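Structure record follows, encoded as C-alpha cells.
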Amino acid sequence: MTLPPQPLTDWFAARGWRPRRHQLEMLDAARAGHHALLVAATGAGKTLAGFLPSLVELIENPTEDLHTLYVSPLKALAVDVQRNLLTPIEEMGVDIRVETRTGDTPSDRKARQRVRPPQILLTTPESLSLLLSYPDSFLMFAGLKRVVVDEVHAFASGKRGDLLSLCMARLQRIAPDMRRAALSATVADPDAYRAWLAPDGDIDMVDLVLGEPGAEPDIAILLPEGRVPWAGHSGRYAAEQVMAEIETHRTTIVFCNTRSLAELIFQDLWKVNLMSLPIGVHHGSLSKEARRKVESAMAAGQLRALVATASLDLGVDWGDVDCVIQMGAPKGSSRLLQRIGRANHRLDESSEAIIVPGNRFEYLEARAAIDAVEMGELDNEPFRLGALDVLAQHVMACACAAPFQGDAMLSEVQGALPYSALDAETFERVLGFIRDGGYALRAYDRFKRLTQEPDGTWRVSHPRFVQQHRLNAGIIVEAAMLNVRFKNGRLLGKVEESFAATLSNGDTFFFAGMSCEVIRIDTEDVLVRASTRPARIPTYGGARMPISTHLADRVRGFLAHPEEWARFPDDVREWLEVQSYRSRLPEPGQLLIETFPRDGRQYMVAYSFEGWNAHQSLGMLLTRRMETQGLKPLGFVASDYAIGCYSLDPVTDPASLFSPDILEHEFVDWVQQSHLLKRAFREVAVIGGLVERQHPGKRKTGKQVTFSTDLIYDVLRKYEPGHLLLQAAWADARARMTDVGRLADLLDRAGDTMLHVTLDRVSPLAVPVLTLIGRENVATGLADDALLMEAESLAQEAMRLD
C-alpha cells in the first residue's frame, strides 16, 4: 500500500493517528484508476477514506478546476461534511477550496460556482442534475476526476438513485477518465451496489473495499417495570425512563419513526423534564432555519437531547452523542445500525443504544433486530428498473444544456445500470412525451417542450421551457403543504394541507415543540400565535415504514421455537405460551388465520407478517371480496404483523378470500378507483415535468397542483390509457404504495400453507391488532388511555385458560 504525501502523513501523526487499512486501499484503488465501493462501520473514517484520493491528488497535482464532486442524500450532511473537511485541510496548510451547493445555497454563489467552481463541491442528486442543465456544465465538469457518493444505501435503489445514476452517466461522457466511489456502513448486497456504481453496470470495474470491524454495539431493550404493553406502537409509556437516560448521558438522540410521533415524544419528555435540561426537536417539516438552529446547538454541545426522525438517520457527526434511543420498533436491522451509528463515532468503543418497544410484537421485533445486528445481517433493498418519469426529467435537463441526437442520448442513458435494459421503442415514447405530452395532450402548446429538427437533432422548443425546468426539477414530491407562520412572518415549518383543512380559528396544535393557536388560515399559510393550551399533534400522510422481510422472518422463527422464549420477559413468554395452549403459533412460512366472535361481530385475523403497506392493501381487497360473498364486512385494521377483518357474518372458508386471482380482479379495480393511482400520477406528472409546481415569482399551492394533475389524469384515463405517465404511475402504485410484491408472495403461498383455527373468543396473539379498531384515523396520543384500557380488557379475556 502506498502512503499519502507528507502533509497528510504529518497531519495523521500530529493527531496521534495512522491511516486505516481501508483508507489506504481506497487510495490504492484510485491510483490504479479503479472505481471503488467502501463498506465500513460508522466511526471508521469512511468520509476521509472517500476524500483521501482527492486530497492526495490535489496536493501532488494542484489545479484550479473542479476535481471532486461529493454527493449526499441530505443537505445537512453536505454542510456537516464541509465543516469536518475544512478542519483537516486548514490544519494541513494546503490550498484546497471546499464549498456546498444545495437548494439552500444563495443564488449569487450558485452563479459564481458555475464560472469558478471550488476544487471540491459537496451537493445532492437534485442540485447536480440542475448543474447539468446549464450549457457551461460541459466546461465546468470537463476536468472532473472523482465522484464520491456518500450513504449510497439511502437512495441508490429508489428514484433519487435513478437520477444520480443518469447524472453519473452524463458526467462520464463529459469527463471519460472520471472515477466513482461510494461509501456506506449498511450494505447487505455489495455486488448489487457495485453494479449500480459501475459505468455500464460492469461490476468488475469496481473494487470492493471492506473496513475494519468496529466494537460491537451495546443495545438494550427498555421495559416498563418489567412489563411489555399489549397495545400502542410509540413507547410513550416510557417517557420518565427515557428522561432518566437523558439525565445520565452527555447527549442523547431520541429517534421516532414519524414526524407526528417526534412532536408527541418531545411534549412527553418536556412534561417530565424536572431538571429543565435543554432538549430540541428535528424533523423534515420544520423550517430550514429551525433545523439549522437545532443542528448548530447540537454541534456546539448545547443540547442534552434531540428528538428526531429519519431526517438525522444519515452521517451527521456529533461526537458528544453517547446514547441513541429508538422509540417503537426499528423496522429493519440496517436502519437500527444506522441510527446506532449516530452515537459515539469511535470505531473501538461500543455505541450505546436503547429500543423502547410499543407492544409485544414490537418486543419480538426489537429482539430480532438486535440478533440480526449481532450476526451482521442487514436488510436488502431490492433494485428495480429505472423510473420513466425520472428519465424524462433527466433528458429535459440535458436538452436545456445543449441539443442532442436521439441515438447518442439513448446510448448514454443505457450506461446507467437502472436503464441498461431500456429499449429504443420505450425511449422514443419518452422523447415523444417531452415533445408534445402525448397523443391526448398534443393540441396544447404548453406541453411542447422539445422540437426535432429535420436532421434528427432534438432541442428545447422555447427558452421559457428551460426556466420552467430549472424551477420545477426535483425527485422529492411532498404532499400539498401550508406554511406555519407567526404574525410577524417568522416561518416555523409546514403542515400538510389535509391536516390544515381540519383546523379552525382558535384551534391549537403542537409544532416545533410548542403549542400553536390558529389565528387564521390563508391560501398558503396557517398563521399562529404561541399558546399554553393543550393541543393536537399534526398528522402526516404517506406510506408507513414497514417491517423488513428478514426481520419478519426472524419474528416468525421466535414463534415457532419455544426454546428461544427463555430469554424473553415473563409476560411475553406467558403471552406466547397461552397462545400455543389456546390456539396455535404459525410455523415459518405458514399463514395462521383465526376466526372468533366478540360483541356481536365476527372476526378474522391473519398473521402474515408482510408489513403495514401490504396488509393495508390486502384489507381493502379482502373486505371487497367479503362484500361479494355476502359476509357483510364492517371494516379492517392492519399492523406490520397481522390484519384483522370484522363482519356481521362469520368467515368459514378463508381460502376463498386469499386466492391469488384477487390481484387480477379486485386489485386492479380497487387501485383504479382509489386515490392511490391519482396520488401516484400526481408525483410522476410533477417529476416528469408535465405539471409545474412553480411559476417565475410564484409557487402553486398544493391544491392547484392536485387540481391540474387530476384534470390531466382524467383526460388520459379516458383518451390515452396507455400513456407513458399512467404506466409510470401504475408501477409506483404497485411497488411503493401497495407493496404488491410482498402481497403477491403472501397470496401465492396462502393456499398451501393456510392454517385455519376456529375459536370461541379472542386469542392472545390477536389482542395487539384488535386494539387498533377505531384508532387508525385518530391522531397518535389522543386515544392512548382508552386504547390501554381496552387492551387490558381484551387481554384478560384472551389469557383465560378455560
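This structure is a prediction, so every number in the text was calculated from the model and none was measured.
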Counting distance only, does the side-chain N/O of [X] pair as donor-acceptor with the main-chain N or O of [Y] below 3.5 Å?
| X | Y | result |
| --- | --- | --- |
| R360 | V228 | yes |
| T623 | G635 | no |
| R742 | N613 | no |
| T124 | T102 | no |
| E365 | K331 | yes |
| D507 | S504 | yes |
| Q602 | Y646 | no |
| H282 | A308 | no |
| R304 | R250 | yes |

Considering all heavy atoms of both residues, which atom of [X] and which atom of [Y] are nearest to each other, and what is their separation?
| X | Y | value |
| --- | --- | --- |
| A369 | P330 | CB-CG, 3.6 Å |
| T251 | L303 | CG2-O, 3.6 Å |
| L491 | N483 | CD1-CB, 3.7 Å |
| V307 | L269 | CG2-CD1, 3.9 Å |
| P357 | L222 | CD-O, 3.6 Å |
| A642 | V769 | O-CG2, 4.0 Å |

Will you find, in the side chains of N257 and Q326, an N or O donor that is under 3.5 Å from an N or O acceptor?
-> yes
Nearest-0.5 Å distance that lies between atom [atom1] in [X] and atom [atom2] in [Y]:
| X | Y | atom1 | atom2 | value |
| --- | --- | --- | --- | --- |
| T309 | I265 | OG1 | CD1 | 13.0 Å |
| Q796 | S793 | CD | OG | 6.5 Å |
| I687 | D732 | CD1 | CG | 7.0 Å |
| E240 | D268 | CD | CG | 10.5 Å |
| S129 | Q393 | OG | CD | 5.5 Å |

4.5 Å side-chain heavy-atom contact, Q241 and V356 | no
I would like to know whether K110 and L130 meet side-chain contact (heavy atoms from CB on, under 4.5 Å); could you show each step before the answer?
-> CA-CA 11 Å; K110 286 182 179 178; L130 279 173; 5.8 Å; no
Would you call R160 and E126 a salt bridge, using N to O less than 4.0 angstrom?
->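 Judged by the 4.0 Å cut-off on N to carboxylate O distance, R160 and E126 do form a salt bridge.
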Decide, yes or no, whether a salt bridge links E496 with R259 under the criterion of side-chain N to carboxylate O below 4.0 Å.
->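 R259 and E496: salt-bridged.
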Mutual orientation of the aromatic rings belonging to F361 and Y641 [parallel < 30°, tilted 30-60°, perpendicular > 60°] |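 Rings of F361 and Y641: parallel, under 30°.
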